[in-house]
Amino acid sequence: MVKWNIVSVSGGKDSTATVLLAQALEAENLALVFADTGHEHPLVYDYLVYLSDAVGLPIQTVKADFSFQIERKRRKLESGDLPGWTDAARDRALAVLKPTGNPFLDLCMWKGRFPSAKARFCTDFLKRDPIIEQVFLPALDAGDVVWSWQGVRRDESPARRYAPEFEEVGGGLFNYRPIARWSAESVFEAHRVMGIEPNPLYKMGMSRVGCMPCVNCNKDELQNIALRMPEEVERVMEWERLVSDAARRASATFFPVVTDPMISSDADVSYERHGIGRMVEWSKTSRGGRQFDLLAASADPAACSSSYGLCDAG
Ligand code: SF4
């Protein structure tokens, strides 16, 4: 029986500090795994290459694959086995509904919608499940023990406040959160002491690292992303067009359609179909500024705060 110490890395500061601590503690059979959502900023991939070189450990990348689910949905559409679909909607969906190999996009095409702060299925489908299925289960099936090291800090969010430092999941799997009591300052200090640069996205004003943008992004973050990385907004707008075509109602926006009269009085078809574009326009205005942060107001306060630490909570 082998005991594996496996750190889930995201490219963010907390999982990096967890790697540094695991090395300092000389954890045996230490392995690093990254779940690639396909919706990461390019600097995340660059940073993971840097981190791997800097710590002298390979980082295994896992990806979710939804080609089976998409093919099954195609077959149902072709056979008329999906109630509520008109012939026109079915033809429109069949024209775009093909696996692209991008996990985030394929998940949304399959579901016919984007995840949201209130329906945050992305973390489970794109991060938790691939790591469990592709990394943990093979080791557990071989009779090994897995300690899953997670970069969770209790002061990140209310939902993480009581995250246990250690817990047995069962079947030989244990969750270990060694930086649960650390502050953000301690995390950056660990980088400094060990001579490791934090992800450069932090220096670009990003408060979280990972999906670009995250469905839990707030108004200021969205404004910053639109200013510095307009290509990411363009990409998501294109995804909104594709996912809308794959959806029964031909409408799927990255952020939920909102009803705030301050920004919906001029709602039109493009608003429905290009939600992120309209939200970016709004993020640049003073409307709903401090008094009414629409994205934050619509967000579940527990969002992006999975106790698995798979998404950077910012
Ligand atoms: S970072 Fe945000 S968008 Fe990406 S998987 Fe996590 S919750 Fe979902």
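Numbers here simply count residues along the sequence, with the first being 1. First listed ligand is number 1; within each ligand, the first listed atom is number 1.
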Checklist outcome for this item: For Phe121, the ring-ring contact (aromatic ring centres under 6.0 Å, His included) test, sequence neighbours excluded, returns none
Checklist entry - Taking the six-membered ring of Trp282, is the NZ or CZ of Arg278 close enough (under 6.0 Å from the centre) and on axis enough (within 45°)? => result no
Item to check | Per-residue contact class, Arg208 against ligand 1 - non-hydrogen pairs under 4.0 Å | outcome: neither
Checklist entry - So is Val215 close enough to ligand 1, meaning a heavy atom under 4.0 angstrom away? => result yes
Next on the checklist: Taking the ring of Phe254 and the ring of His39, is the distance between their centroids below 6.0 Å?
Outcome noted: yes
Checklist entry - Any idea how Trp147 and Phe174 line up, ring-wise: parallel (<30°), tilted (30 to 60°), or perpendicular (>60°)? => result tilted
Item to check | Contacting atoms of ligand 1, where contact means under 4.0 angstrom from a heavy atom of Cys214 | outcome: 1 (S), 2 (Fe), 3 (S), 7 (S)
Checklist outcome for this item: By ring-ring contact (aromatic ring centres under 6.0 Å, His included), Phe34 pairs with (sequence neighbours left out) none
Item to check | Contact atoms of ligand 1, heavy-atom distance to Arg120 under 4.0 Å | outcome: 7 (S)
Checklist entry - Quick one: which ligand 1 atoms are inside 4.0 Å of a heavy atom on Cys122? => result 3 (S), 5 (S), 7 (S), 8 (Fe)
Checklist entry - Strictly under 2.8 Å, is any N, O or S atom of Cys211 next to atom 2 (Fe) of ligand 1? => result no
